[in-house]
Amino acid sequence: MYYLKEAGLRWLRAQNVAVSLAFLMIVSGVGPADLAAQNPTPSGFPETPTVFNFNRDFIGMWQYTRSFTGFSCGSTTGAYGNPQGTCQYPVEQVESVMNGRAHAWLEFVDEPISGKWTCVAEGIQILLSEPYLWNLTARSDVVLQHFEQSNWVRSIWVDGRPHPPAEQTFQHGHSIGRMEGDEFVVETTNFVFDPDGWDDHIHMATSFRKKLTERYRAVGPGELEIEMTVEDPTFLNEPVTWTNPYIKTDTDFVGEWNCDPEVGLNHLYDTIPQRYADDAEYANELERLRQ
């Protein structure tokens with residue numbers, strides 16, 4: 001994604017991210033309950049929320065700890081056609097179960113299709129594999145996962161409601177959670193088609209049929225792991241499962257997150273030759289507007 005990387009962002013750190021959130025609530029008239037209610041309540045969910053016994057060890061600020069040399073990128077190449085050095089998920093495992101449609105997609109896809117150039121946040125499993133921070137808080141009806149990258153809040157509903165009908169889709173899907181013993185299990189469906197569903201470098205897409213299952217486990221004091229499974233029969237012959245490690249941290253979020261779609265697109269067209277003529281024409285139009 002076209003944004004300032006961690007080293008450049010850290011100097012912008014706010015003393016407390018809660019100050020920014022409180023200011024947002026004041027100027028917008030939105031309270032915490034409103035921030036949590038990102039999706040309408042589907043018909044048929046229980047009128048009385050179920051009692052949710054959340055593992056308190058999961059609450060707090062977390063940071064991904066796997067070295068970026070942890071996963072091989074397989075045979076994939078980047079925007080310039082060069083082999084990818086390191087990847088944030090098991091690309092070779094994904095390649096081994098991709099169907100013909102998935103291979104055809106990778107032959108077709110090019111950079112301007114990627115949402116990162118217009119500031120679209122990455123998919124959940126990639127946000128959970130970035131060096132940026134994320135925070136978990138819990139209420140009786142919802143667990144809130146706040147991501148530093150792109151500064152957005154995910155609602156994981158734990159009040160017994162089902163997923164909405166298939167015709168209702170969301171960029172990051174619809175998430176419901178439950179406790180299974182000491183594990184927090186999150187199931188997310190109702191995704192939109194995402195050309196960067198796997199990541200924003202290789203550009204492997206995910207479909208409306210994608211299902212993401214996360215299993216959160218405390219593995220030691222201040223240590224957490226998440227087992228992630230992606231099912232997507234539109235592109236994969238089999239599900240893909242891998243596990244990421246995290247440590248709890250006292251570090252705060254950066255104070256702001258800056259991304260400008262026009263700047264991103266200009267950067268793209270200034271640095272990468274385009275495969276299709278209409279992209280070149282659009283780049284020329286952007287250049288004319290800048291003059």
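Keep in mind it's a predicted model, so treat the numbers as computed, not measured. Computed from heavy atoms alone, side chains included, the values below leave out hydrogens, waters and symmetry copies.
- Following chains of ILVMFWY side-chain contacts shorter than 4.5 Å, one can reach Met228 starting from Val97, so the two form part of one hydrophobic cluster.
- Taking every heavy atom of both residues into account, Ile126 and Glu122 meet most closely at CG2-OE1, 3.5 Å.
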request  = Decide yes or no on side-chain hydrogen bond (donor to acceptor under 3.5 Å, both in side chains) for Gln168 and His163, but give the supporting numbers first.
outcome  = CA-CA 9 Å; Gln168 297 181 29; His163 291 300; over 6 Å; no
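- The list of salt bridge (charged side-chain N to carboxylate O under 4.0 Å, His left out) pairs with a residue in residues 225-242, not counting sequence neighbours, reads Arg217-Glu225, Arg217-Glu227.
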request  = Please assess Gln125 against Trp242 for the test side chain to side chain contact (heavy atoms under 4.5 Å, CB included), listing each intermediate value before the final yes or no.
outcome  = CA-CA 10 Å; Gln125 75 270 16; Trp242 73 103; 4.0 Å; yes
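- Atoms OG1 and CZ, on Thr206 and Phe191 in that order, are 7.0 Å from each other to the nearest 0.5 Å.
- With sequence neighbours excluded, no residue forms a side chain to side chain donor-acceptor pair (under 3.5 Å) with Glu223.
- No more than 12 heavy-atom neighbours from other residues, nucleotides or ligands sit within 6.0 angstrom of CG on Asp182.
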task = Take Asp196 and Ser114, measure what side-chain hydrogen bond (donor to acceptor under 3.5 Å, both in side chains) needs, and give me the verdict at the end.
result = CA-CA 6 Å; Asp196 283 349; Ser114 174; 2.4 Å; yes
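- Considering every non-hydrogen atom in both Ser155 and Leu144, the closest pair reads OG-CD2, 3.8 Å.
- Both Tyr64 and Ile59 are assigned to one and the same hydrophobic cluster, defined by single-linkage of ILVMFWY side chains at heavy-atom distances under 4.5 Å.
- Here Trp257 and Tyr132 bring their ring centres to under 6.0 angstrom of each other.
- Between the side chain of Gln149 and the backbone N or O of Ala121, no donor-acceptor pair lies under 3.5 Å.
- Residues Ile176 and Val153 fall within the same hydrophobic cluster, defined by Ile, Leu, Val, Met, Phe, Trp and Tyr side chains chained together at heavy-atom separations under 4.5 Å.
- Paired with His146 under the rule ring pair (Phe, Tyr, Trp, His ring centres under 6.0 Å), one option of Phe253, Trp152, Trp134 passes, and it is Phe253.
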query = What do the steps show when you test Tyr246 against Leu128 for side chain to side chain contact (heavy atoms under 4.5 Å, CB included), and what is the final call?
reply = CA-CA 9 Å; Tyr246 307 86; Leu128 290 170; 3.5 Å; yes
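- Taking the side chain as every heavy atom from C-beta outward, Met61 and Thr251 never approach each other to under 4.5 Å.
- Aromatic ring centroids of Trp105 and Phe193 lie under 6.0 Å apart.
- A donor-acceptor pair is defined here as one N or O able to donate and one able to accept, closer than 3.5 Å; no such pair exists between the side chain of Lys248 and the backbone of Phe58.
- When every heavy atom of Pro90 is checked against every heavy atom of Val240, the shortest pair comes out as CG-CG1, 4.3 Å.
- The nearest pair of heavy atoms linking Met204 to Ala102 is CE-CB, 3.5 Å.
- Put simply, OG1 on Thr188 and CD1 on Ile156 are 7.0 Å apart, with the number rounded to the nearest 0.5 Å.
- Lys211 is linked by a salt bridge (Lys or Arg N to Asp or Glu O under 4.0 Å) to Glu187, counting only residues two or more places apart in sequence or in another chain.
- Using a distance-only test at 3.5 Å, with no hydrogens or angles considered, no donor-acceptor pair links the side chain of Thr65 to the main chain of Ile247.
- Using a 30° and 60° split on the angle between ring planes, Phe170 and His174 fall in the tilted class, from 30° to 60°.
- No donor-acceptor pair under 3.5 Å is formed between the side chain of Asp159 and the backbone N or O of Val142.
- Among residues two or more places apart in sequence or in another chain, the ring pair (Phe, Tyr, Trp, His ring centres under 6.0 Å) test is passed with Phe208 by none.
- Minimum heavy-atom separation, Ile113 to Pro195: CG2-CB, 3.4 Å.
- If you take CZ on Arg154 and CG on Leu127, they are separated by 9.5 Å, rounding to the nearest 0.5 Å.
- The line from CD of Glu95 to CD1 of Ile202 is 7.5 Å long, rounded to the nearest 0.5 Å.
- In this structure, the salt bridge (Lys or Arg N to Asp or Glu O under 4.0 Å) partners of Arg215, at least two apart in sequence or on a different chain, are Glu180, Glu183.
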task = Give the intermediate values and the outcome of side chain to side chain contact (heavy atoms under 4.5 Å, CB included) for residues Phe54 and Val158.
result = CA-CA 9 Å; Phe54 192 60; Val158 294; over 6 Å; no
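- Residue Trp157 forms a side chain to side chain contact (heavy atoms under 4.5 Å, CB included) with just one option from Asp141, Val186, Val143, and that option is Asp141.
- Of all heavy-atom pairs spanning Thr213 and Val185, the tightest one is CG2-CG1, 4.2 Å.
- Going from atom CG of Leu224 over to atom CD of Gln63 covers 13.0 Å, rounded to the nearest 0.5 Å.
- For Tyr216, the side chain to side chain donor-acceptor pair (under 3.5 Å) partners are Gln145, Glu214, not counting sequence neighbours.
- Considering CG of Asn244 and CD of Glu130, their distance stands at 11.0 Å, rounded to 0.5 Å.
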